[in-house]
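To start, the structure itself, in structure tokens.
Below, read A as the first sequence line, B as the second, and so on, with proteins coming before strands; counting in each chain starts at 1. Just so you know, these numbers come straight off a predicted model, no measurement behind them.
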2 protein chains.
Amino acid sequence: MSRKPTAEIISIGNELLIGHTLDTNSHWIAKHLTRLGWTLDRVTQLRDSLDSIKSGVRGSLKRNPSVLITIGGLGPTHDDMTLAGISRAIDKPMRLNKEALQLVKDHYRRLESKPKLTKYRTKMATLPQGSVPLPNPVGTAPGVKMQQSKTILFSLPGVPSEMKAIFRASIIPYLESFHTTRPKEVEIKITGIIESALAPILDQARKIYPRLYFKSHPRGRETGIRPLILLHIYNIEPGAEKEISEASARIMLRLAGIRARSSLIMKK
Amino acid sequence: MSRKPTAEIISIGNELLIGHTLDTNSHWIAKHLTRLGWTLDRVTQLRDSLDSIKSGVRGSLKRNPSVLITIGGLGPTHDDMTLAGISRAIDKPMRLNKEALQLVKDHYRRLESKPKLTKYRTKMATLPQGSVPLPNPVGTAPGVKMQQSKTILFSLPGVPSEMKAIFRASIIPYLESFHTTRPKEVEIKITGIIESALAPILDQARKIYPRLYFKSHPRGRETGIRPLILLHIYNIEPGAEKEISEASARIMLRLAGIRARSSLIMKK
């Protein structure tokens with residue numbers, strides 16, 4: 001496969017947008033997608049609002065990612081409206097899903113001798129038509145999988161332990177089935193140089209190694225000389241490991257020539 | 001003002017989407033916007049790609065937020081392409097900005113006796129036509145402000161210390177000029193109840209207090225009973241402080257009635 005499969009994430013919850021909660025869920029999934037050789041193109045954080053979810057999901061589907069993962073808003077309460085928003089975005093009505101209802105029933109049977117199926121509980125089994133529920137090994141609300149044109153849409157709950165459990169059990173096997181190769185990466189720690197002096201060195205390297213991706217991250221304040229610049233070099237296509245070694249050596253030699261110090265770390 | 005002004009954030013950088021860097025910048029700005037009585041409607045994380053930035057900025061401007069803040073990609077290197085992307089999104093050519101060039105010159109004059117204006121340095125002073133540069137008190141790349149239809153667009157560098165310094169010096173005064181009132185908020189810590197049992201209590205409270213916003217956050221695994229649910233209650237319109245007190249008291253009394261424990265914290 002020459003072109004790597006692409007993904008988008010939509011993370012839903014007012015708690016993110018009022019600055020209460022840091023969106024570590026997207027970050028965790030981003031790491032996994034990268035490790036599996038997938039390209040995450042966009043992350044969107046949206047409010048708990050039907051209009052906002054509808055518009056965000058429609059916008060994402062128009063870009064045709066291979067996979068769209070939504071996080072959050074699958075619980076029993078009124079403000080959990082992800083699936084209703086998706087239902088509007090894709091014009092599929094909400095229906096009680098028998099398989100999902102069984103998962104919810106099984107969950108409460110472990111908690112109560114005679115579990116009652118309140119409307120709050122059946123809400124978690126009411127999914128857009130055509131959805132496949134994904135078992136939640138550590139909580140109640142099932143995950144959801146559905147096909148929409150060229151995109152597979154996954155919906156995961158926002159509680160991190162539940163999000164991770166469903167991602168590991170149901171999404172990783174799907175992502176792995178594409179057999180993509182993981183990108184190789186090195187990190188070079190550089191001191192004794194300012195970023196604008198590093199720029200021409202990187203520009204030259206980019207011309208010589210167009211298949212590689214160079215990204216410099218200054219750390220600390222620029223009071224004269226940055227205390228530290230971290231330079232990451234990846235290959236963006238399979239089989240460019242040798243080029244990474246050559247590019248790293250070339251850059252470190254040029255840095256030594258202008259008396260900047262650098263050290264290389266191979267990322268696993 | 002009855003309707004609170006709205007904001008969007010676009011955070012740019014491959015390091016976010018490969019899971020290297022957690023987007024703490026957006027989170028920090030989200031907190032400040034909320035404190036100042038602004039509503040943050042959407043956060044988007046985009047890759048360092050002209051097409052991606054153009055499409056993300058256009059999409060945001062179509063929604064007409066009062067303010068759009070972009071973070072990242074203002075540095076001297078080739079992969080910092082935020083302003084070029086914005087230039088394409090708003091159809092304004094890139095021009096060397098005299099005022100910005102002066103800021104860049106002043107910066108390097110403090111570092112070097114005879115600063116040279118390399119193309120990497122003038123790049124940071126090349127802005128979409130009609131831009132106003134914002135001084136960067138702790139780094140080189142100036143921030144940028146421009147008006148686009150009903151939206152004021154601010155661009156900030158991605159290095160957190162620089163982002164914060166420009167935000168404090170140039171954006172907070174602008175946000176404060178809208179004289180919005182900060183939302184009031186309480187947090188109730190609840191133990192001894194499952195989320196689906198809390199749901200009907202919250203539904204009733206929502207009906208009685210439609211101006212308030214109730215959001216429950218389960219913490220920990222749902223092995224039978226959640227160890228802890230954090231319930232946040234905000235007013236979404238000015239002057240609903242009394243309603244928050246009444247709603248909190250009502251909910252805590254009902255919780256006591258079903259032997260769940262709760263304690264209230266007034267957020268400042």
When rounded to the nearest 0.5 angstrom, what is the spacing between [atom1] in [X] and [atom2] in [Y]?
X	Y	atom1	atom2	result
L111(A)	I194(B)	CG	CD1	6.0 Å
I10(B)	R42(A)	CD1	CZ	7.5 Å
L40(B)	Q45(A)	CG	CD	8.0 Å

Checking [X] against chain B: side chain, backbone, both or neither under 4.5 Å from a heavy atom?
X	result
L22(A)	both
S26(A)	neither
T44(A)	both
K119(A)	side chain
P200(A)	both

Contacts of R121(B) meeting side chain to side chain donor-acceptor pair (under 3.5 Å) (sequence neighbours excluded), chain-then-number -> S196(A), E112(B)
H32(A) meets the ring pair (Phe, Tyr, Trp, His ring centres under 6.0 Å) criterion, sequence neighbours left out, with W28(A), F167(A)
Check: Does any non-hydrogen side-chain atom of D79(B) lie less than 4.5 Å from one of R206(A)?
Finding: yes
- V159(A) side chain near E195(B) side chain, heavy-atom distance below 4.5 Å: no
Atom pairs and distances, side-chain donor-acceptor, residues 11-21 of chain B, under 3.5 Å, sequence neighbours left out:
| residue | atom | partner | partner atom | Å |
| --- | --- | --- | --- | --- |
| S11(B) | OG | D23(B) | OD1 | 3.2 |
| S11(B) | OG | D23(B) | OD2 | 3.1 |
| N14(B) | OD1 | D48(B) | N | 2.8 |
| N14(B) | ND2 | Y213(A) | OH | 3.1 |
| E15(B) | OE1 | K215(A) | NZ | 3.3 |
| H20(B) | NE2 | E185(A) | OE2 | 2.6 |
| H20(B) | NE2 | Y234(A) | OH | 3.1 |

Please report the C-alpha distance between F214(B) and T77(A) in whole Å, then the side-chain angles of each, then the deciding distance to 0.1 Å, and finally whether the side-chain contact (heavy atoms from CB on, under 4.5 Å) criterion is met.
CA-CA 10 Å; F214(B) 300 82; T77(A) 54; over 6 Å; no
Interface check, chain B: of L202(A), I9(A), L46(A), most non-hydrogen pairs under 4.5 Å belong to L46(A)
Smallest heavy-atom separation, P76(B) atom then A199(A) atom, equals O-CB, 4.4 Å
Within residues 53-71 of chain B, the residues sitting under 4.5 Å from chain A by heavy atom, in sequence order, are S55(B), G56(B)
